[in-house]
Structures are given as structure tokens and as C-alpha cells.
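Heads up: the structure comes next, in C-alpha cells.
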Amino acid sequence: MEFFCYHRDRPGSLPLREHLGEEHWSYMDLFAERLIARGPTFASDGETPTGSVHIVDLPDPAAARAFALDEPNYQAGAYRDVLLRRWRNMLGRTMWDFPGGRSEGNRYLVLGLGPDRAADPAEPPENDELIAYGPLLSDDGTAWLGTAALVRATDAETARTVLKPDQYADVEVHDWEFGGRR
């Protein structure tokens with residue numbers, strides 16, 4: 001089962017995150033073969049971290065909760081909260097398989113939170129700039145709660161267009177970059 005995990009930083013937690021950097025990396029190394037995508041999000045200045053995205057394949061919701069809550073930065077209080085949802089990999093690949101590579105262009109996390117739990121997950125749009133794309137689902141996988149996408153785009157407004165706004169109660173766009181040691 002695939003899960004989308006987005007830890008959002010607590011304001012002022014950068015020194016703590018820097019202090020725990022190696023602990024975070026070592027923890028994520030334990031899941032390296034299960035990660036579909038990972039990387040930090042940033043404020044509009046492009047430098048101040050605002051969170052950490054991990055899309056990971058785990059056996060069940062209990063394992064996903066343990067993954068999210070045992071993370072060293074979370075345990076130390078660096079994060080203010082975590083969004084953890086089941087997810088479906090509609091592109092069938094990892095971010096490392098993205099044909100656009102790791103570094104060219106601007107990259108974004110686009111989150112659309114669904115207004116209607118009965119709605120069906122949207123199919124990915126025809127877009128060669130999608131790095132990862134899939135629905136956010138309930139733990140049992142039966143209710144659609146929104147969509148998470150990682151996308152390369154010229155700017156945040158262009159990235160936002162990957163999701164149709166009329167299907168969502170809210171759409172968030174965050175600067176994001178490839179993470180990991182690979």
C-alpha cells in the first residue's frame with residue numbers, strides 16, 4: 001500500500017531540523033527501497049524549509065502511522081503536524097524514474113483537498129511534467145479525500161493548473177525539490 005506523508009514544519013524549527021539532519025537521513029535510509037518520492041518544501045523565498053514530503057510503500061495504515069510518527073524530527077517537535085493519507089501511484093513510477101531528471105526547472109507539491117468524499121479520484125492530466133500523481137484516500141482506500149502531485153512547472157500558478165479547482169475545496173502549492181541520498 002502506498003502512503004503520502006507530509007510533515008509541516010513548526011515555525012522556528014530550522015535549527016532543530018539542522019541538528020537532527022543525520023538522524024533524519026539515517027531513519028529514511030531504512031525505507032530507501034520503499035520510497036516513491038521524497039523531498040523538502042520551501043517558503044516562497046526558496047530557502048526556508050516548510051515541510052518534508054515522503055511517498056512510501058508500506059504494508060498497512062499502522063506501519064504508515066509508525067513511519068510518520070517515529071521520524072526523528074517529528075519526535076523532537078520540529079513539525080507542527082503531519083498529513084498522512086493512503087495514496088495511489090497513478091504514474092506507476094518513482095521520482096527517480098521521472099524523465100525530466102532531478103534538477104532542471106522549478107518543482108512543486110500541489111495538494112488538492114476534496115470537497116466531496118464520494119467523488120472519484122481524478123485521472124492524471126496529460127502532462128509530461130508530472131513527477132508523481134495520485135489520489136489521497138481513506139485508510140481503507142474506499143473514500144477519495146483529494147489529490148497530491150509533484151510537478152515541474154515554470155511557476156507556482158502553472159503548477160496549480162495540474163488540478164482542476166472546481167473539484168477541490170482548496171488547492172495548495174508549495175515549492176519542492178527532489179530529496180534523498182540517491
Side-chain angles (χ1 to χ4, degrees), residues 2-29 31-32 35-56 67-85 87 89 91 93-113 124-125 127-134 136 146-163 165 168-182:
E2 299 152 336
F3 293 87
F4 175 86
C5 180
Y6 182 35
H7 290 98
R8 296 175 194 253
D9 283 18
R10 181 177 47 79
S13 66
L14 181 58
L16 181 56
R17 282 189 70 184
E18 289 173 340
H19 175 73
L20 294 170
E22 185 53 39
E23 286 182 55
H24 167 79
W25 285 100
S26 294
Y27 181 77
M28 289 302 154
D29 287 347
F31 299 92
L35 288 165
I36 296 164
R38 67 185 294 186
T41 58
F42 295 93
S44 58
D45 67 9
E47 294 181 25
T48 306
T50 59
S52 189
V53 172
H54 296 92
I55 302 174
V56 60
F67 169 83
L69 301 180
D70 291 344
E71 195 280 335
N73 288 321
Y74 185 85
Q75 286 292 308
Y79 299 130
R80 69 179 168 111
D81 60 40
V82 59
L83 171 64
L84 180 64
R85 293 284 180 239
W87 188 78
N89 186 353
L91 300 179
R93 65 176 185 228
T94 71
M95 72 178 200
W96 296 277
D97 300 323
F98 172 60
R102 290 181 61 107
S103 59
E104 286 187 31
N106 301 318
R107 287 134 198 287
Y108 300 92
L109 163 64
V110 184
L111 284 175
L113 304 178
N127 186 329
D128 293 338
E129 301 300 302
L130 288 175
I131 299 164
Y133 185 94
L136 299 171
T147 303
L150 299 172
V151 61
R152 180 172 65 179
T154 55
D155 55 49
E157 284 309 307
T158 303
R160 181 181 300 276
T161 65
V162 77
L163 299 183
Y168 300 94
D170 187 34
V171 175
E172 301 175 10
V173 179
H174 305 270
D175 287 358
W176 173 81
E177 69 180 36
F178 274 58
R181 296 190 208 231
R182 297 196 213 192

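Note that the coordinates shown come from a computational prediction; the quantities given were computed from them, not determined experimentally. Throughout, numbering of the chain's residues begins at 1 and tracks the sequence.
From R80, atom CZ reaches atom NE2 of H7 across 12.5 Å, with rounding to the nearest 0.5 Å. L130 CG to R93 CZ: the interatomic distance, rounded to the nearest 0.5 Å, is 7.0 Å. In this structure, CD1 on I131 lies 4.5 Å from CZ on F98, to the nearest 0.5 angstrom. Taken to the nearest 0.5 Å, the CD atom of E172 stands 11.0 Å off from the CG atom of L163. Atom CE of M95 is separated from atom CD1 of I36 by 11.5 Å, given to the nearest 0.5 angstrom.
Listed here is the closest heavy atom pair of W25 and G21: CD1-O, 2.8 Å. Here the closest non-hydrogen pair linking P49 and D9 is O-OD2, 3.3 Å. Taking every heavy atom of both residues into account, L84 and A68 meet most closely at CD2-CB, 4.1 Å. Between T50 and A43, the shortest heavy-atom contact is CG2-N, 3.3 Å. Between V162 and A149, the shortest heavy-atom contact is CG1-CB, 4.3 Å. Considering all non-hydrogen atoms of both residues, L150 and A37 come closest at CD1-CB, 3.6 Å.
Side chains of D97 and T94: a donor on one and an acceptor on the other come within 3.5 Å. Looking only at atom types and distance, the side chain of T161 has no donor-acceptor partner in the side chain of E157 under 3.5 Å away. Between the side chains of T158 and Y108, no donor N or O sits under 3.5 Å from an acceptor N or O.
Using a distance-only test at 3.5 Å, with no hydrogens or angles considered, a donor-acceptor pair links the side chain of N89 to the main chain of L91. In terms of modelled atom types and a separation under 3.5 Å, the side chain of R107 and the main chain of F178 share no donor-acceptor contact. Looking only at distances, no side-chain donor or acceptor of E177 sits under 3.5 Å from a matching main-chain atom of T41.
Residues passing the side-chain contact (heavy atoms from CB on, under 4.5 Å) test with N73, sequence neighbours excluded: R17, L20, H24, E71, A78, Y79.
Residue pairs meeting the salt bridge (charged side-chain N to carboxylate O under 4.0 Å, His left out) criterion with at least one member in residues 35-56, sequence neighbours excluded, do not occur.
Between H174 and Y6, the ring center distance clears the sub-6.0 Å criterion. F3 and F67 have their aromatic ring centers separated by at least 6.0 angstrom.
Here the options are V56, D29, I55, the test is side chain to side chain contact (heavy atoms under 4.5 Å, CB included), and the partner is L35; only V56 passes.
Counted within 6.0 Å of CD on E22, heavy atoms from surrounding residues, nucleotides or ligands total more than 12; the atom is thus considered enclosed.
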Open item on the list: Set out, in order, the CA-CA distance, both residues' side-chain angles and the distance that settles side chain to side chain contact (heavy atoms under 4.5 Å, CB included) for T48 and L14, then state yes or no.
Closed with: CA-CA 8 Å; T48 306; L14 181 58; 5.5 Å; no
TODO: Any chance you could lay out the side chain to side chain contact (heavy atoms under 4.5 Å, CB included) test for T147 and V110, step after step, and finish with the verdict?
DONE: CA-CA 8 Å; T147 303; V110 184; over 6 Å; no
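Between F4 and L111 the shortest side-chain heavy-atom distance falls below 4.5 Å.
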